[in-house]
Amino acid sequence: MMKKNIIKSFLLFLGILSAACNDDFLNRYPTDSLNEENFWHNENELKQYANDFYRVFSGHNTGTGHSPLITGDNQSDNMVPLDFNLVAAGKNIVPTSGGGWNWTVIRSCNYFLQRYNQTPIAKETKDKYAGEIRFFKVLDYFEKVRDFGDVPWLTKDLELTSPELYAPRDSRVLVMDSLLANIDLAIATLPAKNVADAGRINKDVALFLKARMCLFEGTFRKYRGIEGGEKFLKEAVQASQRLITEGHYQIHETGNPATDYASLFNSLDLGTNKEMILYKIYATGLLGTATSWNLQSNNFNTSASKSLVESYLCADGKPISQSPLYRGDQSIQEEMTNRDPRLKQTITFPGTGIQQTSKIPAISGSGISGVGIVPTGYQIQKYWVEDQQEYVRIQNGILDAPIFRYGEVLLINAEANAELGQANQSVIDKTINLLRKRAGMPNMVIAELKKDSQSDFPQLDVLIDEIRRERRVELAIEALRYDDLLRWKAGALLNKPVLGMKFIQSVYPKAVIGSSIFVNAEGYILPYGKSLPSGRTYDENKNYFLPLPLDELSLNPKLIQNPGW
């Protein structure tokens with residue numbers, strides 16, 4: 001189905017509500033003007049209410065703003081922005097207010113769930129919209145548990161006098177068990193995938209959220225010795241396996257390993273891509289994004305880390321520490337030769353892609369003028385559209401954004417099975433090796449795996465270690481890596497010195513080492529120089545959770561601040 005034929009189906013993702021929807025009205029719900037007398041009459045009203053929640057899928061954002069898919073990895077060891085935000089640098093402080101402790105979405109969800117049943121329409125129809133609302137409630141709550149740990153579990157919309165406003169936080173165990181029950185109810189009531197309703201939350205989208213959420217919680221508990229991890233890992237296997245078995249999706253490949261992976265991210269129309277479980281559409285005259293153009297000009301002022309580049313296997317399926325194909329890293333050209341083809345579809349190989357006109361990217365302090373900066377020298381290629389004339393519409397491009405894709409489902413299934421000790425070769429062949437086949441890489445063969453001497457996880461079983469590597473490579477720069485480090489209790493990796501490529505003076509003749517650019521003893525770029533040599537300061541005693549804001553602690557003394565804050 002071509003883009004022009006499906007724009008109507010995806011208006012939800014464009015943030016445009018139906019003509020019958022009064023946007024000011026929806027932005028004020030729930031209020032005294034929205035009550036049992038003037039709402040809850042028909043299906044259209046339930047649909048209008050649900051529509052407003054779809055804006056949570058930010059995709060690439062609009063206009064010339066930064067893409068959360070790209071900058072979302074800035075906190076992790078995958079990316080090196082020109083300036084770390086405070087959280088990524090470990091320098092954030094307790095906020096006076098806000099800081100993510102916001103309950104507007106939860107209250108709006110509870111308002112609906114307490115009242116929708118009075119609508120005089122078929123039960124199956126109204127339950128469908130309740131399923132959508134439960135999906136958004138689970139999504140919002142899951143993010144709160146990730147950020148804060150224990151949070152209040154609310155089942156109704158509160159008023160100023162509600163005693164729940166002054167209660168302590170509920171345990172993570174209670175909240176996550178409640179989310180599991182809610183997502184299962186959403187799955188049971190949501191409709192199956194339907195082309196006519198493309199863009200709306202369906203059963204598959206809810207199964208995806210369940211699989212992602214349960215993998216997070218299962219590994220979070222396992223690596224902290226908290227009871228219940230196995231239960232959530234089994235649920236992650238069950239949800240991901242159902243998506244695999246039912247066969248609605250498949251890995252996108254055309255037999256061209258040099259471009260198939262890239263086409264998931266540089267496509268102007270994902271409508272026919274069978275890997276997409278949920279995506280956000282951008283269309284000329286309706287909604288645009290300058291993501292590809294910003295990459296072209298380095299306006300994101302970010303770049304890949306040497307750590308990410310080194311994680312890619314060589315073309316023979318072996319790590320750089322084991323492969324005779326690895327040519328070393330005395331130049332970026334050497335470093336990127338004979339490697340997993342996904343590397344060149346994620347990071348620019350000099351003289352190709354964004355640099356095909358021989359444009360040399362500016363590196364921090366290099367003395368080379370440029371619109372933006374590539375602090376490490378590893379310039380982002382992923383999400384860049386080669387035909388800029390086709391893409392750019394007065395810097396308002398039409399690059400579609402993957403939200404949930406089937407490739408992640410396969411990775412969830414492989415990892416959850418491995419964490420349960422049940423990932424045999426059959427599991428790997430049906431998950432990891434499908435991704436490797438698309439990339440033109442050799443299969444992962446469990447019996448042939450050898451522990452990487454340079455692994456970030458030296459104590460980890462080799463199979464789980466290599467599945468983590470596959471996840472890092474496949475999902476690089478998709479705003480997922482930091483969450484992975486949180487759930488694995490691997491925040492210490494963020495304290496490793498942040499490095500860039502090997503600095504070559506002849507490429508940047510105006511740069512002065514020790515003045516306009518800094519390198520370590522081996523000659524690798526130190527993007528943050530003397531001011532922040534390691535790049536980050538991650539305190540594992542507190543940084544796994546965000547702090548609660550001071551005003552909330554003052555209003556409710558029963559809220560206890562997170563440890564270390």
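Positions are given from 1, in the same order as the sequence printed here.
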**Request:** Run the salt-bridge test on E335 and K502 with the 4.0 Å N-O cut-off and return the result as yes or no.
**Result:**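 Answer for the salt bridge query: no.
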
**Lys/Arg N to Asp/Glu carboxylate O, K489 vs E540, below 4.0 Å** =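 A salt bridge is absent here (no side-chain N lies under 4.0 Å from a carboxylate O).
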
Give a yes or no on whether the backbone of [Y] and the side-chain of [X] come within a donor-acceptor separation of less than 3.5 Å.
X: D260; Y: G255; value: yes
X: Q345; Y: P257; value: yes
X: E474; Y: R469; value: no

Atom [atom1] of [X] and atom [atom2] of [Y]: how far apart are they, to the nearest 0.5 Å?
X: L278; Y: L270; atom1: CG; atom2: CG; value: 11.0 Å
X: Y524; Y: D329; atom1: OH; atom2: CG; value: 3.0 Å
X: I332; Y: T337; atom1: CD1; atom2: OG1; value: 10.0 Å

**Message:** Please evaluate residues K496 and D456 with respect to the criterion salt bridge (charged side-chain N to carboxylate O under 4.0 Å, His left out), reporting the C-alpha separation (whole Å), side-chain torsions for both, the decisive distance (0.1 Å), and the verdict.
**Reply:** CA-CA 10 Å; K496 285 191 171 185; D456 285 329; 2.8 Å; yes

**Request:** Return yes if a side-chain donor-acceptor contact under 3.5 Å exists between W384 and Q296, otherwise no.
**Result:**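 Result is yes, a qualifying pair exists.
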
**Message:** Working note: Q355 + Q379, criterion side chain to side chain donor-acceptor pair (under 3.5 Å); need CA distance, chi angles, decisive distance, verdict.
**Reply:** CA-CA 9 Å; Q355 297 179 32; Q379 189 173 20; 2.8 Å; yes

**Message:** Which label fits F404 and F208: parallel for a plane angle under 30°, tilted from 30 to 60°, or perpendicular past 60°?
**Reply:**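 Geometry flag for F208 against F404: parallel rings.
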
**Request:** Could you tell me how the ring of F545 sits relative to the ring of F220: parallel (under 30°), tilted (30 to 60°) or perpendicular (over 60°)?
**Result:**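 Aromatic pair F545/F220 classed tilted.
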
**For S263, side chain to side chain contact (heavy atoms under 4.5 Å, CB included) partners two or more places apart** =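 S263 satisfies side chain to side chain contact (heavy atoms under 4.5 Å, CB included) with H252, N266 only.
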
**Message:** Please enumerate all residues that pass salt bridge (Lys or Arg N to Asp or Glu O under 4.0 Å) together with D465, with sequence neighbours excluded.
**Reply:**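 Result, salt bridge (Lys or Arg N to Asp or Glu O under 4.0 Å) vs D465: K451.
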
Against the six-membered ring of [Y], is [X] placed for a cation-pi contact (under 6.0 Å from the centre, within 45° of the normal)?
X: K274; Y: Y249; answer: no
X: R200; Y: F57; answer: no
X: R405; Y: Y279; answer: no
X: K144; Y: W103; answer: yes

**Prompt:** Yes or no on side chain to side chain contact (heavy atoms under 4.5 Å, CB included) for W101 and V151, after CA distance, side-chain angles and deciding distance?
**Reply:** CA-CA 10 Å; W101 193 264; V151 293; 4.1 Å; yes

**Message:** Would R146 and D483 count as a salt bridge (charged side-chain N to carboxylate O under 4.0 Å, His left out) here? Give the steps.
**Reply:** CA-CA 8 Å; R146 176 199 64 193; D483 287 357; 3.3 Å; yes

**Request:** Could you go through the salt bridge (charged side-chain N to carboxylate O under 4.0 Å, His left out) check for R471 and E478 one step at a time?
**Result:** CA-CA 11 Å; R471 181 177 174 89; E478 294 183 45; over 6 Å; no

**Asked** Can you check side chain to side chain donor-acceptor pair (under 3.5 Å) on T104 and N102, steps first, answer last?
**Response** CA-CA 6 Å; T104 302; N102 183 295; 3.0 Å; yes

**Message:** Between F216 and F232, is the ring centroid distance below 6.0 Å?
**Reply:**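 Ring centres of F232 and F216 not closer than 6.0 Å.
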
**Request:** Take Q388 and S292, measure what side chain to side chain donor-acceptor pair (under 3.5 Å) needs, and give me the verdict at the end.
**Result:** CA-CA 8 Å; Q388 290 290 298; S292 191; 3.1 Å; yes

**Item:** Test ring-ring contact (aromatic ring centres under 6.0 Å, His included) applied to F518 and F503, step by step
**Value:** CA-CA 9 Å; F518 297 88; F503 175 69; over 10 Å; no

